[in-house]
J.: 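Handing you this structure, nothing more for now.
Computed from a predicted structure; not experimentally measured.
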Amino acid sequence: MPANNPTLHEAPESVLTESNAQLDITLEQLKKLVTPRAFTGETMLLNMGPQHPSTHGVLRLLLELDGETIVSCIPDIGFLHTGIEKTHEGKTYSKGIPLTDRIDYLAPLSNNLAYVGCVEKLLDLEVPLRAQYIRVILLELTRMNSHLVWLGTHALDIGAMSVFLYCMREREMILDVYELVAGARMMTSYFRVGGLWRDIPPGFTDLVQKILDVFPERLLEYEKLLKDNPMWKERTVGIGVIGKEDAIAYGMTGPSLRGSGVNYDVRKAYPYSSYDQFEFSVPVGSNGDVYDRYRCRMEEFHQSLKIIEQAMKRLPAGPVMVDNRKIAPPPKHEIAYSMESLIHHFKLWTEGFSVPEGEAYFAVESGKGEFGCYISANGGPKPRRVHFRAPSLCNLQALPRMSRGCLIADMVAIVGSIDIVLGEVDR
Amino acid sequence: MGLEQKLGDMGVVTTSLEKAVGWARSNAIWPMLFGLACCAIEMMSTQASRYDLSRFGMELMRASPRQSDLMIVAGRVSRKMAPVLRTLYDQMPDPKWVIAMGDCASCGGVFNNYAIVQGVDEIVPVDVYVAGCPPRPETLIEGILKLQDKIKQEPLKKWQ
Ligand code: SF4
């Protein structure tokens with residue numbers, strides 16, 4: 001170890017022992033999770049993670065193996081528990097928005113919308129149409145962003161390296177749009193309660209148009225690499241099967257559910273942000289295996305492009321923020337000459353706006369599934385309780401069911417196919 | 001163009017062992033493939049198409065701590081993850097270095113709460129802190145170059 005910091009060679013006991021206590025699991029508890037054969041030595045217990053290149057973060061899986069076949073799989077989560085929900089309770093409603101970026105960090109804007117949408121519901125606000133359309137454009141870009149990372153890493157796990165490099169290349173185009181509108185590559189916080197932070201800057205249309213032009217051809221490239229690739233099919237067809245009923249019973253949502261043939265999409269079932277004004281279809285699979293889930297997501301790329309195209313064409317003019325000064329901050333130039341604006345500005349940034357007592361749930365279809373936000377408001381400027389329904393967590397629940405009887409090598413394919421993000425699982 | 005062309009036919013070059021070792025080490029860093037949260041995605045971008053970390057001689061991430069000498073702590077470290085992280089660090093062979101990537105790993109970032117270790121330097125010694133939430137790939141590359149400078153200047157010593 002570097003000699004410059006000798007005192008740190010031994011880690012302080014306080015941090016380590018305290019958390020070790022949480023990791024402890026008694027033998028009695030363990031016995032219930034695995035089959036009795038594990039105690040006779042007939043089957044083997046194998047630990048996968050939390051540091052494993054294919055668990056997409058810090059997921060730990062305890063596998064019981066009979067030879068190479070998985071007998072049972074016990075996911076152990078919480079290695080990325082961040083306390084986001086609790087932290088929300090100490091933040092005003094607008095200061096809570098940046099925290100939501102960090103839940104599912106591959107789809108920051110979907111999270112933003114679930115949260116601000118929920119607050120808007122509590123406040124009974126109608127967001128201007130232009131803001132809704134811009135939201136839709138960015139949400140669909142976010143879906144593609146999320147799917148690109150999924151495709152890249154999923155393919156990488158199964159052994160197709162080049163797909164990853166292509167996907168990351170295209171993803172940069174989307175990140176450029178984020179950076180243009182929000183100033184940050186990943187943590188956008190661009191949606192605000194009542195609309196958007198600001199109108200889209202010049203250059204936005206060109207960037208999005210470029211994405212619309214380039215993507216169809218690039219998608220074809222991905223399809224050429226994987227769709228009919230015999231090795232890819234060998235690793236994905238008929239692997240990790242889950243039936244319709246089971247998928248619903250586990251509370252799965254998103255492409256992971258639709259791969260099993262259930263047509264459920266929040267955008268269609270409970271339209272938000274004027275999704276009902278766009279024409280698009282929801283791709284549905286039939287077999288519920290890794291390959292069908294992959295197909296669903298690939299088709300969604302095309303649908304997203306279709307929605308963006310429509311929204312760009314019909315983008316209405318007008319404001320992007322509600323004109324209620326008790327909620328929307330006044331424009332900067334107004335502060336210079338209007339006393340009232342100055343007071344509003346001061347009030348909003350020191351105290352925040354109050355939300356009437358009540359509770360609300362608002363869900364959006366993120367790249368992973370139904371991402372919902374539940375807020376219980378107590379009438380003050382800070383929420384009483386905030387809870388997020390994380391699609392990754394619910395989809396992960398089905399992992400033991402899906403992987404039973406599969407080979408251990410299939411595990412990485414199955415984990416990849418349900419597209420989990422540990423930041424969202426653990427929050 | 002190789003070294004010999006640059007030096008002409010000088011025949012013999014003298015340098016101190018310390019410098020030669022430092023130079024060699026700094027250009028063959030093997031980072032560990034180890035991502036925690038959002039920052040790990042930016043770490044992936046750094047290695048991928050646009051930013052291409054391999055220009056600096058360290059594109060090959062090793063999944064095993066026993067084969068790597070640089071740990072990039074990319075993301076927030078929860079209290080449950082802390083002992084795991086320390087174990088991984090202990091498993092890495094000497095000499096080894098640590099980069100704390102992002103605000104969370106450096107100081108807890110936006111999460112000043114019960115769940116997150118307020119800076120990974122509470123559990124492992126950190127050589128370079130990279131600020132940002134998440135740091136841009138350019139920032140991470142800058143951090144790595146800083147580390148390379150540091151390694152070049154490290155004196156020879158007995159590793160444990
Ligand atoms: S510093 Fe920011 S981007 Fe990095 S892990 Fe922390 S919250 Fe995520």
J.: Is it the side chain or the backbone of A:Ile77 that comes within 4.5 Å of chain B heavy atoms, both, or neither?
T.: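 Interface part for A:Ile77: backbone (N, CA, C, O).
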J.: Between B:Ser45 and A:Arg185, is any pair of side-chain heavy atoms under 4.5 Å apart?
T.: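 SC-SC contact between B:Ser45 and A:Arg185 confirmed.
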J.: Given the options B:Ser64, B:Cys38, B:Ala48, B:Ser49, which has more heavy-atom pairs under 4.5 Å with chain A than any of the others?
T.: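 Going by pairs under 4.5 Å, I would pick B:Cys38.
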J.: So which of B:Val98, B:Asn112, B:Leu88 has the largest heavy-atom pair count under 4.5 angstrom toward chain A?
T.: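 Maximum pair count with chain A is reached by B:Leu88.
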J.: Which pair of non-hydrogen atoms, one from A:Gly83 and one from B:Ala115, has the smallest distance, and what is that distance?
T.: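 Smallest interatomic distance, heavy atoms only, reads N-CB, 3.9 Å.
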J.: Go through the steps for A:Lys86 and B:Asn113 under the test side chain to side chain contact (heavy atoms under 4.5 Å, CB included), then give the verdict.
T.: CA-CA 8 Å; A:Lys86 186 71 189 166; B:Asn113 61 19; over 6 Å; no
J.: Counting heavy-atom pairs under 4.5 Å to chain B, which of A:Leu80, A:Leu165, A:Thr82, A:Thr87 comes out on top?
T.: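 Among A:Leu80, A:Leu165, A:Thr82, A:Thr87, the one with the most close pairs to chain B is A:Thr82.
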J.: In residues 134-145 of chain B, which residues are in contact with chain A at a heavy-atom separation under 4.5 Å?
T.: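 Expected list: B:Pro134, B:Arg136, B:Pro137.
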J.: What do you reckon, are the aromatic ring centroids of B:Tyr114 and A:His81 less than 6.0 Å apart?
T.: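 Close enough - the centres of the two rings lie under 6.0 Å apart.
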J.: Write down the atom of A:Phe79, the atom of B:Met81, and the distance for their closest heavy-atom approach.
T.: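 Answer, listing the atom of A:Phe79 first, then B:Met81: O-CB, 3.4 Å.
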J.: So which part of A:Glu170 gets closer than 4.5 Å to some heavy atom of chain B, the side chain, the backbone, both or neither?
T.: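 Contact with chain B involves no heavy atom of A:Glu170 at all.
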J.: Would you name the heavy atoms of B:Ser78 and A:Gly78 that are closest together and state the gap between them?
T.: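 So the two residues come closest at OG-O, 4.0 Å.
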J.: Does A:Met186 reach the side chain of B:Glu42, with side-chain heavy atoms less than 4.5 Å apart?
T.: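 In contact.
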